[in-house]
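Below: one structure, written as structure tokens.
Letters A, B, ... are given to chains in the order of the sequence lines, protein chains preceding strands, and every chain is numbered from 1.
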Protein chains: 2
Amino acid sequence: MTYQKKIPVSLDCGLHLFMEVVNGKWKANLIWSVYSGIKRPGELQRNMPKASRRVLDTQLKQLVQHGILSKTTYDELPFKVEYELTSLGATLIPAITCIAQWGEDHRLELEKIITA
Amino acid sequence: MTYQKKIPVSLDCGLHLFMEVVNGKWKANLIWSVYSGIKRPGELQRNMPKASRRVLDTQLKQLVQHGILSKTTYDELPFKVEYELTSLGATLIPAITCIAQWGEDHRLELEKIITA
DNA sequence: ACAAGTACGGCTGAATTTATCCGTACCGGG
DNA sequence: CCCGGTACGGATAAATTCAGCCGTACTTGT
């Protein structure tokens, strides 16, 4: 889209397949939020004010392209857009839960180390 | 080290804590390799030939700084260096297993989508 | 008419990560 | 002596992601 990759992606291991899809400053949060019922672009942005709308838009679009989210535009007026997890996207939830849990479990040590 | 961050890191959620440590093109692979018994810099590089030695060095150093790996320099001659998982690093293994598993489980669909 | 809310996206530059090039230092073998 | 293997790291370029600014379009309410 915005940028054409010049270096081919490594798909040789599962780790990289996951990263190719989830890597992006807000992607995991977006997936999690949609899973939690926050489905509309405006809501999502209010939910993570530190992210710029532009970046969220872009990352949402990539998630749709990667088949993780689906996007529905309702033709009512006023406009309304909603994102949903696809079935593939839903399979990510346990993995994301797992890493978020790890982060919370080690928050104290991590904050010390990272802030150093 | 090489670069001083100008934008503060968000530590507000577990997801970001995890990413702060594991994000890096080869970090998850490095952690996994060390866990699998590939402990020496040279071995690691031969194990992932697509990564440049310089980048591996840098990412290994960051993993050490973040308390995920420990580094031992043996004073024998010739030189010998070995990395090990710290106890914190060891707690990452289940999470990494989980995401690698997800990648493998969905390899077929993902390859189709990403290559598109 | 005007402000505010919804959503989309081009353009541009800053921030950050990854890659390349090269040089250091030590050791051992041919 | 020269080559190759071990390991480390500065300087810099290339690649990529993230952020900010602004403009479009439509609708609702004042």
Side-chain angles (χ1 to χ4, degrees), chain A residues 1-10 15-16 19-30 34 38-66 69-83 114, chain B residues 1-10 15-16 19-30 34 38-66 69-83 114:
Chain A
M1 297 290 103
T2 324
Y3 187 83
Q4 206 54 39
K5 282 198 195 305
K6 297 182 181 172
I7 294 181
V9 187
S10 297
L15 257 7
H16 286 182
M19 288 305 175
E20 182 62 18
V21 155
V22 176
N23 217 342
K25 194 160 179 177
W26 304 99
K27 283 187 185 174
N29 292 96
L30 286 170
V34 171
I38 304 176
K39 308 180 169 187
R40 305 192 45 195
E43 288 180 316
L44 288 163
Q45 216 238 306
R46 280 188 291 278
N47 201 247
M48 13 192 150
K50 283 193 273 194
S52 80
R53 189 189 49 67
R54 187 74 176 87
V55 173
L56 291 185
D57 278 0
T58 306
Q59 303 207 346
L60 282 167
K61 185 181 251 181
Q62 288 168 355
L63 288 169
V64 171
Q65 284 171 351
H66 285 168
L69 298 181
S70 64
K71 172 181 171 179
T72 311
T73 303
Y74 293 94
D75 272 346
E76 324 163 357
L77 292 176
F79 256 25
K80 189 173 155 190
V81 169
E82 281 189 2
Y83 292 94
I114 293 174
Chain B
M1 295 295 101
T2 324
Y3 187 84
Q4 205 56 36
K5 282 196 196 303
K6 296 184 181 171
I7 293 182
V9 187
S10 295
L15 257 5
H16 287 183
M19 288 306 175
E20 182 63 19
V21 155
V22 176
N23 216 342
K25 194 160 179 174
W26 304 97
K27 284 186 186 174
N29 292 96
L30 287 170
V34 171
I38 304 177
K39 309 178 168 187
R40 305 191 47 193
E43 287 180 315
L44 288 164
Q45 216 240 307
R46 280 188 290 279
N47 201 248
M48 12 193 151
K50 283 192 273 192
S52 81
R53 188 190 48 69
R54 188 72 175 86
V55 173
L56 290 184
D57 278 359
T58 306
Q59 303 208 344
L60 282 166
K61 185 181 253 181
Q62 289 168 355
L63 288 169
V64 171
Q65 283 170 352
H66 285 168
L69 298 180
S70 65
K71 172 180 171 179
T72 311
T73 304
Y74 294 93
D75 271 347
E76 324 163 354
L77 291 175
F79 256 25
K80 189 173 155 191
V81 170
E82 280 189 1
Y83 291 94
I114 293 173

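- Side-chain atoms of Lys5(B) lie closest to dT17(C) of the nucleotides dT17(C), dC18(D), dA15(D).
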Please list, for nucleotides 2-8 of chain D, all pairs of protein and nucleotide N/O atoms separated by less than 3.5 Å.
unit_1	atom_1	unit_2	atom_2	d
dT6(D)	OP1	Arg46(B)	NH1	3.4
dT6(D)	O3'	Arg40(B)	NH2	3.4
dA7(D)	OP1	Arg40(B)	NH2	3.3
dA7(D)	OP2	Gly42(B)	N	3.1
dC8(D)	OP1	Lys71(B)	NZ	2.5
dC8(D)	N4	Arg53(B)	NH2	3.1

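- One N or O on the side chain of Gln59(B) and one on the backbone of Lys27(B) form a donor-acceptor pair closer than 3.5 Å.
- Rounding to whole angstrom units, NZ of residue Lys6(B) and P of dG13(C) are separated by 16 Å.
- Side-chain contact between Asn29(A) and Met48(A) is present, with at least one heavy-atom pair separated by less than 4.5 Å.
- A salt bridge (charged side-chain N to carboxylate O under 4.0 Å, His left out) check over residues 42-53 of chain B, counting only residues at least two apart or in different chains, returns the pairs Asp12(A)-Lys50(B), Arg53(B)-Asp57(B).
- Straight-line distance from the CD atom of Gln45(A) to the P atom of dA19(D): 12 Å, rounded to whole Å.
- As rounded to whole Å, 9 Å separates atom C1' of dT16(D) from atom CD1 of Ile7(A).
- Under the side-chain contact (heavy atoms from CB on, under 4.5 Å) rule, Trp26(B) has a single partner from Thr58(B), Leu60(B), Leu56(B), which is Leu56(B).
- For the pair Gln59(A) CD and dG9(C) P, the computed distance is 15 Å after rounding to whole Å.
- In this structure, Pro41(B) and Val81(B) approach most closely via the heavy-atom pair CD-O, 3.5 Å.
- For Asn23(B) and dA15(C), the CG to C1' distance is 15 Å, given to the nearest whole Å.
- If Pro8(A) and Trp26(A) are placed on DNA chain D by their nearest nucleotide, the residue sitting closer to the 5' end is Pro8(A).
- One can place CG of Leu60(B) at 13 Å from P of dT18(C), the figure rounded to the nearest angstrom.
- Nucleotide dC21(D) holds its P atom 14 Å from the CZ atom of Arg54(A), rounded to whole Å.
- What separates NZ of Lys50(B) from P of dA15(D) is a distance of 18 Å, to the nearest Å.
- Between dA19(D) and Lys25(A), a contact under 4.0 Å exists linking OP1 or OP2 to a side-chain N or O.
- Inter-residue side-chain proximity for Lys5(A) and Ile7(A) is flagged as unmet; no heavy-atom pair is nearer than 4.5 Å.
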